[in-house]
Amino acid sequence: MSGKVWLVGAGPGDPELLTLKAVRALNQAQVVMIDDLVNPEVLEHCPNARVVPVGKRGGCRSTPQTFIQRLMLRYARQGKCVVRLKGGDPCIFGRGSEEADWLDTHGIEVEMVNGITAGLAGATNCGIPLTLRGIARGVTLVTAHTQDDSTLNWQALAQGGTTLVVYMGVAKLPEIRESLLAGGMRDDMPVAMIENASLPQQRECRSSLAAMHQAALDFQLRSPAILVIGEVAADHQVQAIAMHA
Ligand code: SAH
């Protein structure tokens, strides 16, 4: 008899931002395969499960994707209830759907569980309203890091009028800045850089688009961090909200 794989988002870091459904899946799990951006504190919900770390941070020691997939398959074929725990949401820059498709083609039952994605959590935690009425009519989640080095349409992003939330951008700040400036974005566009969103060690740095690289150097910004680029990242927007609170 085959087991089942739950592809679960563990949220941005704060264990209280886990969903009830994630907690239920963890309670039932016999094996938990955990990415390295997941806060290990969430493992209190699965004290009896076997925990298998399968992290693969950019530039660090990594577990190949095919190995992870085969391991999930092996445990599921042993009839085990497997939780694959990913940071944030499993489908936001998280390869959740690729893993689900692969398991599905191998006849394994899969269930996805949403998590709160880091970009949304970080912004809200810092009081940045990503879709502030009258200021931003939308929000665009982008990654600065691609496997095939394909480029984004930066001009469209620069001129689209939505707030940009950039994942995996810390090592690419000069390129992001140049691309958005070349695409026509104002050089004084506000930027917020949020490191370790939702964790006790969360830090945030405010800047302008033009100054963001230098500001990040001065601040010693480290991954994991997200960038919020847009009018809503201005400090005064936060103050306005505080005044209405
Ligand atoms: N699936 C995840 C994203 C994985 S990609 C999600 O939905 O959040 C990894 C990137 O996510 C990091 O490089 C960073 O840009 C962002 N990230 C993840 N956790 C973060 C955190 N606690 N604070 C800030 N950024 C974070």
Side-chain angles (χ1 to χ4, degrees), residues 6-19 21-22 25 32-42 53-63 65 68 83-101 110 112-128 130 139-148 152 157 163-177 191-207 212-213 215-216 219-230 233:
W6 299 70
L7 289 170
V8 178
D14 179 351
E16 293 202 315
L17 291 178
L18 271 182
T19 64
K21 202 164 184 176
V32 176
M33 296 173 59
I34 181 170
D35 271 355
D36 43 17
L37 277 180
V38 174
N39 186 343
E41 285 179 39
V42 304
V54 289
K56 45 181 174 130
R57 290 288 297 277
C60 303
R61 185 179 56 81
S62 71
T63 311
Q65 184 67 21
I68 297 172
V83 165
R84 169 81 169 104
L85 201 53
K86 289 168 171 281
D89 185 278
C91 288
I92 301 294
F93 308 123
R95 307 183 76 161
S97 63
E98 286 169 47
E99 294 180 10
D101 286 349
V110 184
M112 281 288 190
V113 180
N114 281 115
I116 299 180
T117 190
L120 305 190
T124 300
N125 269 352
C126 292
I128 300 172
L130 291 173
V139 55
T140 309
L141 308 184
V142 296
T143 175
H145 177 90
T146 54
Q147 240 174 5
D148 57 1
L152 285 163
L157 293 173
T163 305
L164 302 182
V165 177
V166 184
Y167 290 66
M168 293 174 264
V170 175
K172 301 257 170 139
L173 290 173
E175 290 94 326
I176 295 167
R177 174 183 176 276
V191 175
M193 297 175 263
I194 306 163
E195 179 186 291
N196 284 314
S198 86
L199 289 162
Q201 65 271 33
Q202 172 175 304
R203 298 195 304 150
E204 69 172 293
C205 170
R206 304 282 178 137
S207 166
M212 75 175 183
H213 183 220
F219 188 75
Q220 300 192 325
L221 184 76
R222 298 269 175 273
S223 183
I226 50 123
L227 321 177
V228 179
I229 305 173

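Whatever order the structure lists them in is the order used to number ligands and atoms, beginning at 1.
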inquiry  = Tell me if the CD atom of Q201 is crowded by more than 12 foreign heavy atoms within 6.0 Å.
reply    =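 Result for CD/Q201: enclosed.
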ask   = Partners of S207 by side chain to side chain donor-acceptor pair (under 3.5 Å), sequence neighbours excluded?
value =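 Residues passing side chain to side chain donor-acceptor pair (under 3.5 Å) with S207: none at all.
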message = Applying side chain to side chain donor-acceptor pair (under 3.5 Å), can you list everything that pairs with R203, at least two apart in sequence or on another chain?
response =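 By the side chain to side chain donor-acceptor pair (under 3.5 Å) rule, R203 matches E195.
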query = What residues form a salt bridge (charged side-chain N to carboxylate O under 4.0 Å, His left out) with E98, not counting sequence neighbours?
reply =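 With sequence neighbours excluded, E98 shows a salt bridge (charged side-chain N to carboxylate O under 4.0 Å, His left out) to R95, given in chain and number order.
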query = Is there a side-chain contact between R222 and V170, using heavy atoms and a 4.5 Å cut-off?
reply =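 R222 vs V170: side chains apart.
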ask   = What's the shortest heavy-atom distance between P90 and G115, and which atoms?
value =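 Looks like CD-N, 3.9 Å.
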Where does ligand 1 get N/O contacts under 3.5 Å from the protein, atom by atom?
{"unit_1": "ligand 1", "atom_1": "1 (N)", "unit_2": "G87", "atom_2": "O", "d": "2.9"}
{"unit_1": "ligand 1", "atom_1": "1 (N)", "unit_2": "D89", "atom_2": "O", "d": "3.0"}
{"unit_1": "ligand 1", "atom_1": "1 (N)", "unit_2": "I92", "atom_2": "O", "d": "2.7"}
{"unit_1": "ligand 1", "atom_1": "7 (O)", "unit_2": "D89", "atom_2": "N", "d": "2.9"}
{"unit_1": "ligand 1", "atom_1": "7 (O)", "unit_2": "T117", "atom_2": "OG1", "d": "2.6"}
{"unit_1": "ligand 1", "atom_1": "8 (O)", "unit_2": "T117", "atom_2": "OG1", "d": "3.2"}
{"unit_1": "ligand 1", "atom_1": "8 (O)", "unit_2": "A118", "atom_2": "N", "d": "2.9"}
{"unit_1": "ligand 1", "atom_1": "15 (O)", "unit_2": "M168", "atom_2": "N", "d": "2.9"}
{"unit_1": "ligand 1", "atom_1": "15 (O)", "unit_2": "A225", "atom_2": "O", "d": "2.7"}
{"unit_1": "ligand 1", "atom_1": "22 (N)", "unit_2": "P12", "atom_2": "O", "d": "2.9"}
{"unit_1": "ligand 1", "atom_1": "22 (N)", "unit_2": "A197", "atom_2": "N", "d": "3.4"}
{"unit_1": "ligand 1", "atom_1": "22 (N)", "unit_2": "A197", "atom_2": "O", "d": "3.2"}
{"unit_1": "ligand 1", "atom_1": "23 (N)", "unit_2": "A197", "atom_2": "N", "d": "2.8"}

